[in-house]
Structure formats: structure tokens, C-alpha cells
Amino acid sequence: RFRPGDRVRARNLHPQGHTRLPRYVRGHTGTVQIVHGAHLFADTHATRAVPPFDDTAHWLYTVVFDGATLWGADAQPGLQVSVDAWDSYLQPDDGSAT
């Protein structure tokens, strides 16, 4: 769904179960840097203690966030944070402020 260079917003998720989306990027906008392809989605795979496990593949991306976007003017100049994020964690950036 996304390609390198696309602007995306990390969804502001608060699931009760497992997630690998760091809270500090939720609701913020970044840029897709790498498309890793489709892989086992740990969030749903980890929901069962016994087989059958959910082995549905989901798209995985590396998204780069500017430090100032995440932490404001106190961020180290030029700081960037890379997060590997599943497709379901992301939405197209609509241009609104974070």
C-alpha cells in the first residue's frame, strides 16, 4: 500500500494485546524508507498459546520520523528515528498537525 518516500501517519492505537508500535510515534507523521515485504504479523500470531496460529502475512515498512516531530524543539538537531511498522499501524498522511 505504501512506497518509499510516502508520508504516513502512525495510528494512535491503544490495543489491549500485543503491539510493536512504540507509543512515542503514535499519531505522528514520518516517511516510508524501506518496504520489507509481507511477513508473519506478530500481533495476531501471539494471540494464541496453542495451534492453530494466525500466520497471515502483513506488509512491513521502515518509517523514519524527525526527532523534532516527536519531541519538539528540545530534540537534538538532525535526529531521526527509524521504526519498523506493520501496514495496520499506518495510514496515509492527511497533512494535519501532529
Side-chain angles (χ1 to χ4, degrees):
R1 174 167 74 137
F2 301 112
R3 295 182 294 187
D6 285 353
R7 300 283 294 165
V8 294
R9 180 176 304 276
R11 293 181 186 272
N12 195 6
L13 305 172
H14 301 285
Q16 286 190 316
H18 178 81
T19 184
R20 293 179 183 256
L21 184 64
R23 289 193 187 276
Y24 59 85
V25 301
R26 296 177 193 181
H28 293 286
T29 299
T31 304
V32 173
Q33 184 178 45
I34 300 170
V35 178
H36 293 284
H39 300 273
L40 180 70
F41 185 46
D43 292 23
T44 55
H45 184 74
T47 60
R48 292 186 52 95
V50 296
F53 299 111
D54 183 345
D55 59 358
T56 306
H58 291 244
W59 286 93
L60 179 64
Y61 308 91
T62 296
V63 180
V64 177
F65 296 87
D66 184 68
T69 298
L70 301 176
W71 296 293
D74 291 337
Q76 178 182 349
L79 176 70
Q80 292 185 322
V81 176
S82 297
V83 172
D84 287 340
W86 299 100
D87 188 80
S88 61
Y89 296 168
L90 305 172
Q91 61 192 41
D93 179 34
D94 63 6
S96 64
T98 56

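Numbering of residues begins at 1 and proceeds along the displayed sequence.
Heavy-atom minimum distance, Val83 versus Pro22: CG1-CD, 3.8 Å. Nearest heavy-atom pair across Thr31 and Arg7 is OG1-NH1, 2.8 Å. In terms of heavy atoms, Ala75 sits closest to Ala68 at CB-N, 3.7 Å. Here the shortest heavy-atom pairing between Leu13 and Ser88 reads CD1-O, 4.4 Å. A pairwise comparison of heavy atoms in Ala10 and Leu90 identifies CA-CD2, 4.1 Å as the closest pair.
Partners of Phe65 according to the ring-ring contact (aromatic ring centres under 6.0 Å, His included) rule, which considers only residues two or more places apart in sequence or in another chain, do not exist here. Among residues two or more places apart in sequence or in another chain, the side-chain hydrogen bond (donor to acceptor under 3.5 Å, both in side chains) test is passed with Gln80 by none. Applying the side-chain hydrogen bond (donor to acceptor under 3.5 Å, both in side chains) rule to Arg1 yields the partners Asp87; only residues at least two apart in sequence or on another chain are considered. Under the rule for a side-chain hydrogen bond (donor to acceptor under 3.5 Å, both in side chains), the partners of His36 that lie at least two apart in sequence or sit in another chain are Thr62.
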>> With side chain to side chain contact (heavy atoms under 4.5 Å, CB included) as the criterion, how do Thr56 and Phe41 come out once you've worked through the C-alpha distance, each side chain's angles and the decisive distance to 0.1 Å?
In response: CA-CA 7 Å; Thr56 306; Phe41 185 46; over 6 Å; no
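With values rounded to the nearest 0.5 angstrom, Gln33 atom CD is found 13.0 Å from Asp6 atom CG. Interatomic distance, OG1 of Thr19 versus CZ of Arg11, reported as 12.0 Å (0.5 Å rounding). Here the straight-line distance linking atom OH of Tyr89 with atom CZ of Arg26 works out to 8.0 Å at 0.5 Å rounding. One finds the CG atom of Leu79 at 10.5 Å from the OG1 atom of Thr69 (value rounded to the nearest 0.5 Å).
Within the 4.5 Å cutoff, no side-chain heavy atoms of Val35 are placed close to those of Phe2.
Here Tyr24 and Trp71 bring their ring centres to under 6.0 angstrom of each other.
Arg9 contributes a side-chain N or O that, together with a main-chain N or O of Gly27, makes up a donor-acceptor pair within less than 3.5 Å.
For residues 66-84, there are no salt bridge (Lys or Arg N to Asp or Glu O under 4.0 Å) pairs, not counting sequence neighbours.
Linking ILVMFWY side-chain heavy atoms closer than 4.5 Å, directly or via other members, places Leu21 and Val64 in two distinct hydrophobic clusters.
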